[in-house]
Amino acid sequence: MIIAVDGPAASGKGTIANALAMHYGLPHLDTGLLYRAVGIAVLRAGGDPADESEAFHACGFDNALLTDPGLRSEAAGRAASIVSAHPSVRAALLERQRDFARQEGGAVLDGRDIGTVIAPEADAKLFVTASPDVRAQRRFDELQRTGLAVTYEHVLGDIRTRDERDSGRGIAPLKQAEDAALLDTSALDVEAAVATAIGLVEQRRKA
Ligand code: CDP
């Protein structure tokens, strides 16, 4: 079974994808990490994420980078959102994600274009969302726990910019697949969101 989980920043898609993977005993790929790795590789080489050829060259990053704690930073998220709009970068990362999705037994993948581009054939698709305010508050709390000095307004501004860039790009924009179930987590805690997600996947499986 392939499960596709898409949605905007801090919507809870990563947590839900992880919980679904545990529940069904499937391997999980957080595809945002691939774009974050490209973004960080460009920044560390002193390059500009907006430069397509520099970003494309960074796609050959070493797999060890995928476990680097720096990937979780806001700078990496911002750089990821910029490099991910380059068609050559998306093309370079495509096969890797498709191979993961099509492995024997299936997989859970989360990102922006899993249900639309990477695995349109997925058995279950969820589009996880939440209001910008709720998402900004979650990301703000997360960042505060890691000891980073940021303001709520700054985080909200960053989330809005990223939403616009991710939804407005010409290639593989963030959008709900026609056959994806919508899951709004604005008023749900983690437990309730995960229980709802499992319920939606079960409905799809039976359909
Ligand atoms: O959850 P959050 O948005 O903070 O981070 P992420 O899921 O790691 O994604 C970081 C950035 O990578 C997003 O803003 C997207 O621009 C990009 N991305 C993408 O374009 N396609 C994907 N399948 C996953 C991430």
Side-chain angles (χ1 to χ4, degrees), residues 2-18 28-43 49-50 52 55-56 58-59 61 65-101 107-120 122 125-130 132 134-143 146 148 150 154-177 180 185 193:
I2 301 178
I3 305 178
V5 183
D6 290 302
S11 55
K13 64 182 185 307
T15 305
I16 286 172
N18 202 33
H28 169 216
L29 178 64
D30 169 359
T31 63
L33 286 182
L34 304 175
Y35 294 95
R36 285 171 179 264
V38 175
I40 275 278
V42 172
L43 294 179
E52 179 154 11
F56 175 70
C59 291
F61 63 81
L65 188 55
L66 292 173
T67 53
D68 192 306
L71 290 190
R72 303 281 171 196
S73 70
E74 285 305 276
R78 212 171 306 122
S81 166
I82 298 170
V83 299
S84 70
H86 300 312
S88 60
V89 169
R90 302 204 76 86
L93 300 180
L94 185 81
E95 279 318 307
R96 188 173 181 157
Q97 298 173 75
R98 285 209 170 138
D99 288 348
F100 192 91
V108 181
L109 289 87
D110 75 272
R112 300 289 189 290
D113 62 341
I114 309 305
T116 50
V117 176
I118 303 297
K125 299 180 186 179
L126 299 183
F127 192 82
V128 182
T129 188
V134 167
R135 292 188 283 122
Q137 189 64 50
R138 285 180 190 158
R139 192 46 55 92
F140 175 67
D141 293 343
E142 244 170 62
L143 291 169
T146 64
L148 273 179
V150 281
H154 177 85
V155 176
L156 179 62
D158 203 53
I159 285 213
R160 287 193 194 279
T161 310
R162 218 121 71 74
D163 282 357
E164 267 167 44
R165 205 185 290 129
D166 291 349
S167 312
R169 67 181 175 223
I171 179 166
L174 168 69
K175 70 162 194 268
Q176 184 179 352
T185 66

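Counting starts at 1 for both ligands and their atoms, in listed order.
- For ligand 1, the atoms closer than 4.0 angstrom to any heavy atom of Ala80 are 10 (C), 11 (C), 12 (O).
- Within ligand 1, the atoms closer than 4.0 Å to a non-hydrogen atom of Asp166 are 13 (C), 14 (O), 15 (C), 16 (O), numbered from 1 in the order shown.
- Annotation: Thr31 places an N or O atom under 3.5 Å from an N or O atom of ligand 1; distance criterion only.
- Inter-residue side-chain proximity for Val128 and Val5 is flagged as met; some heavy-atom pair is nearer than 4.5 Å.
- The backbone N or O of Thr129 sits less than 3.5 Å from a side-chain atom of Thr185, completing a donor-acceptor pair.
- Each of the atoms 1 (O), 2 (P), 3 (O), 4 (O) of ligand 1 lies under 4.0 Å from some heavy atom of Ala9.
- Salt-bridge check for Arg78 with Asp158: passed, with a basic side-chain N closer than 4.0 Å to an acidic carboxylate O.
- Ligand 1 does not have Arg165 within reach: every non-hydrogen atom of the residue lies 4.0 Å or more from it.
- Nearest protein heavy-atom contact of atom 4 (O) of ligand 1 is Arg139 NH1, 2.7 Å.
- Rounded to the nearest 0.5 Å, atoms CZ (Arg112) and CZ (Arg162) are 6.5 Å apart.
- Using a distance-only test at 3.5 Å, with no hydrogens or angles considered, no donor-acceptor pair links the side chain of Asp113 to the main chain of Ala172.
- Closest to atom 10 (C) of ligand 1, if we only count protein heavy atoms, is Arg162 NH1, 3.7 Å.
- Looking from atom 6 (P) of ligand 1 to the surrounding protein, the closest heavy atom is Arg36 NE, 3.7 Å.
- Counting heavy atoms from C-beta outward, Leu66 and Phe61 have side chains that approach closer than 4.5 Å.
- Of all protein heavy atoms, the one lying nearest to atom 17 (C) of ligand 1 is Ser84 OG, 3.6 Å.
- Residues Pro173 and Asp166 form no side-chain contact, since every pair of their non-hydrogen atoms from C-beta on lies 4.5 Å or further apart.
- Heavy atoms of other residues, nucleotides or ligands lying less than 6.0 angstrom from CZ of Arg72 number 12 at most.
- Within a 6.0 Å radius of CZ in Phe56, no more than 12 heavy atoms belonging to other residues, nucleotides or ligands are found.
- Using a 4.0 Å cut-off between heavy atoms, Arg138 makes no contact with ligand 1 at all.
- The shortest N/O to N/O separation between Asp30 and ligand 1 does not fall below 3.5 Å.
- Listed by number with element, the atoms of ligand 1 under 4.0 angstrom from any heavy atom of Lys13 are 1 (O), 7 (O).
- Donor-acceptor pairing under 3.5 Å is recorded for the side chains of Arg169 and Ser84.
- The distance from ligand 1 to the heavy atoms of Ala10 drops below 4.0 Å at these ligand atoms: 1 (O).
- The single protein non-hydrogen atom nearest to atom 13 (C) of ligand 1 is Arg112 NH2, 3.2 Å, given as residue, atom name and distance.
- Annotation: Arg90 places an N or O atom under 3.5 Å from an N or O atom of ligand 1; distance criterion only.
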